[in-house]
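Structure first, then comments.
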Protein chains: 4
Amino acid sequence: MRRKKEPTEIKKEIIDAARQLFLEEGYQHVSMRKIATKIGYTPTTIYIYFKNKEEILLHLLEEGYGLFYHELKIAYDHAFDQSHEIRLFNMCEAYIYFGLKQPDYYNIAFMNNLEKNTSKIENSDRYNAFLLLNTVVKEFIQENAFSEMAQSDMDISHTIWASLHGLTSLLITFPQFDWGEQNRLIQFHIRTIIQGLKN
Amino acid sequence: MRRKKEPTEIKKEIIDAARQLFLEEGYQHVSMRKIATKIGYTPTTIYIYFKNKEEILLHLLEEGYGLFYHELKIAYDHAFDQSHEIRLFNMCEAYIYFGLKQPDYYNIAFMNNLEKNTSKIENSDRYNAFLLLNTVVKEFIQENAFSEMAQSDMDISHTIWASLHGLTSLLITFPQFDWGEQNRLIQFHIRTIIQGLKN
Amino acid sequence: MRRKKEPTEIKKEIIDAARQLFLEEGYQHVSMRKIATKIGYTPTTIYIYFKNKEEILLHLLEEGYGLFYHELKIAYDHAFDQSHEIRLFNMCEAYIYFGLKQPDYYNIAFMNNLEKNTSKIENSDRYNAFLLLNTVVKEFIQENAFSEMAQSDMDISHTIWASLHGLTSLLITFPQFDWGEQNRLIQFHIRTIIQGLKN
Amino acid sequence: MRRKKEPTEIKKEIIDAARQLFLEEGYQHVSMRKIATKIGYTPTTIYIYFKNKEEILLHLLEEGYGLFYHELKIAYDHAFDQSHEIRLFNMCEAYIYFGLKQPDYYNIAFMNNLEKNTSKIENSDRYNAFLLLNTVVKEFIQENAFSEMAQSDMDISHTIWASLHGLTSLLITFPQFDWGEQNRLIQFHIRTIIQGLKN
DNA sequence: TATGAATGAGGGTTCATTCAT
DNA sequence: AATGAATGAACCCTCATTCAT
């Protein structure tokens, strides 16, 4: 059954199918056949567009990081006239809501370290996102003049990242658990971290 | 010429073998054949004692929860004569270090939701661990007389759990990332959360 | 479809099928599936009896060498009361006729060097066969008192082997070629070599 | 932007690429895709110029025969003023050294019978080469006035061919075997055959 | 003339599992 | 209680080839 489609369109179909399956069943349990079946092509066809299974994953990762960074950047830019604390708060919100809106991307991007062998971490948008967070943190530090506490901005960034990741991934992984009112929890979570940093 | 064994004894052997493989080679690479070879039986024999592979894994999962709960309990009991804040702090430490010491257990226990279909969450040690955390949190609240802020102890527990899980899972998932001095980060992380709660 | 068979019987079936296919289509073009189909089993079954494709080949090789050596040995022993020239002649005949009677074995054993990586050549029956030939050659040399020509017995053995192999493999590879009366050619071929050595 | 090319030119490019791959990586590892990549076209394009893969291989095969015949012819012509025995000797040398220099050509040409189905043996250069050998043999017979032995020149040619093929193919197939000093063996081998014929 | 898109067949191998004994 | 025999389904991936454009 031959159809006529833009190459980019098929590539997109593959990526879309792969993303969904990767989320639902985990990278290891997704086979090329499954992806192929899902888009109505033969497994062979996929190999025209991607060298192998790993390349699909890599593509997905970069895409996911890109979207993620983009969201954070918007939150950062949008509150340009606010205090740095508010900007930080907004970014934290953006982080968590990105994960909730795009659990598939988030899952692939942060809950498995699938780049183990590729190690071009430094120039990916994942790193850029972290750098952006770090920037806000530094500004936030200056704003608050954390005089006595000489805690490095890195530790602070790590702590924030970890806390955000923690709530996001739990909410994704255990959706049926009783989290109370989700939005309230999120607000409280972020508030707690930021308050904690100010002391 | 094998000497007679109690059924429970063989069951134990199977679990032991599975656990070892599981910890040595990682969750993904445990196969029935490997387990069988390790204990000197045929794969078929395993099916006498366990319905299928999943049942072995579930057994292991519960074991993991048990260990986890045990560790938290020790931390809780050990500081019985201290302030509740310190007890909370200790439990937080215990949480993170358990994950770092038993990354594979932690991984199946909290980073994959293997019980998706079994839904007996409520009576597992995972839940007990959470309840224990919640207990300390309540005591901690009383101690601090968080008068004005009527934030539910549940939200607080969730926030703590999420933060702890966040750092733990990130440290496990991205070990080669530059986290600075790990112990200092952990201490700072916990301190930040607790401070945040006090405001 | 389950049957009841001796393990050795099935192993033999596999070997038989593999031998035929290897000859007909060449090692590279024989798939495990083909072998399996030929004997009416699933490919998986073969893996119960052989670790992988290569192991089947190795088995076949050893078997072939064994038979080959056996035939030569018989020819050697049988003419124990004859002159060494006659014994040599008989062995040469045995060599060629073995190839013609067992083209499949001969093909696998001598026309492809499939042991490239295994290199336990020295203790195989292939080597033993060569040593037997070498023995006769030495006796033949002594008998003829090749005084002046100090050609090593090794060169002589190699030359004989090469000549025998040449005719055998050509007769196998190009059966439709017009070789004249085959037996006469064989006799003449052997006679020529031996005469050549005596000069 | 490719400049226009003569059909024959592209056909040549394909053959050239195929030959190189063929000689570099061996007969088994030539794939249409590799050939195509090597010449900078799509696999599809090749099918415009050749019906299928076999046709390319056949083309190459004929080329191999051509080269082979050419080498023998040179040896034959070169010693036109020598005795026929010497001419025969030279041709034998040429035969073996061709095989050693072009093992891959030799391999497809004589060690696999690829033409099984095509059966145009009679007019190929392989046959011509054999005829050339036969010619020398006849001249050699006349020269030696093999009076008594009414052995057909065909038997003699076959015997020579077989012996040459035998050494050549063994040297190619088992290169790591200890053949002693190769050139000496080759000389001895040829000498033996020719001496054998003279008796 | 040349290609991009697609495929069907097949490659070796591993897996959890079953069933008769 | 334990096994040996066997399987079906799946794994990733490569191949020669075709067809519409």
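Contact annotation: B/Tyr49 side-chain N/O to F/dA2 OP1/OP2 distance is under 4.0 Å. In this model, the phosphate group of E/dT3 is not approached by any side-chain N or O of D/Thr44 to a distance below 4.0 Å at OP1 or OP2. For E/dG11, the OP1/OP2 oxygens have a side-chain nitrogen or oxygen of C/Ser31 closer than 4.0 Å.
The nucleotide whose nearest atom lies closest to any side-chain atom of B/Thr42 is, among F/dT3, E/dT3, E/dT7, F/dT3. Closest to the side chain of A/Met32, out of F/dC13, F/dT7, F/dA16, is F/dC13. Checking E/dT18, F/dT18, E/dG11 against every side-chain atom of C/Arg33, the shortest atom distance belongs to E/dG11. Picking from F/dT18, F/dT7, F/dA2 the nucleotide with the shortest atom distance to the side chain of D/Tyr47 gives F/dT18.
Residues C/Pro43 and A/Pro43 each lie close to DNA chain F; by heavy-atom proximity, the contact nearer the 5' end of the strand is made by C/Pro43. When each of D/His29 and A/Lys34 is assigned the nucleotide of DNA chain F with its nearest heavy atom, A/Lys34 is the one assigned upstream, toward the 5' end. With the nearest nucleotide of DNA chain E identified for both D/Ile48 and C/Lys53, D/Ile48 has the one nearer the 5' end.
Centroid-to-centroid, the aromatic rings of A/Phe68 and A/Phe110 come within less than 6.0 Å.
Geometrically, C/Lys12 does not engage C/Tyr49 in a cation-pi contact defined by less than 6.0 Å to the ring centre and at most 45° from the axis. Cation-pi check for C/Lys53 over C/Tyr47 is not met; the charged atom does not lie both under 6.0 angstrom from the ring centroid and within 45 degrees of its normal.
When both pairing distances are held under 3.5 Å, E/dA16 makes a Watson-Crick or G-U pair with F/dT7.
A salt bridge does not link C/Lys38 with C/Glu13: every distance from a Lys NZ or Arg NE/NH1/NH2 to an Asp or Glu carboxylate oxygen is 4.0 Å or more. With respect to the salt-bridge test (charged N to carboxylate O, under 4.0 angstrom), the residues D/Glu62 and D/Arg126 do not qualify.
Rounded to whole angstrom, the span from the CD atom of C/Gln28 across to the P atom of E/dG11 amounts to 12 Å. Rounded to an integer number of Å, the gap from A/Lys51 NZ to F/dC13 P is 9 Å. Spacing between atom OH of C/Tyr41 and atom P of F/dG8 amounts to 13 Å, rounded to whole angstrom units. Distance, D/Glu54 CD to F/dC15 P: 18 Å, rounded to whole Å. Whole-Å rounding puts the B/Phe50 CZ to E/dT18 P distance at 16 Å. Look at CD1 on C/Ile46: it is 15 Å from P on F/dA5, rounded to the nearest Å. In this structure, C/Leu21 atom CG and E/dG11 atom P are separated by 11 Å, rounded to whole Å. Atom P of nucleotide F/dC11 and atom CG of A/Asn52 are separated by 16 Å, given to the nearest angstrom.
Residue-level contact check: B/Thr45 touches the bases, meaning some heavy atom is under 4.0 Å from a base atom.
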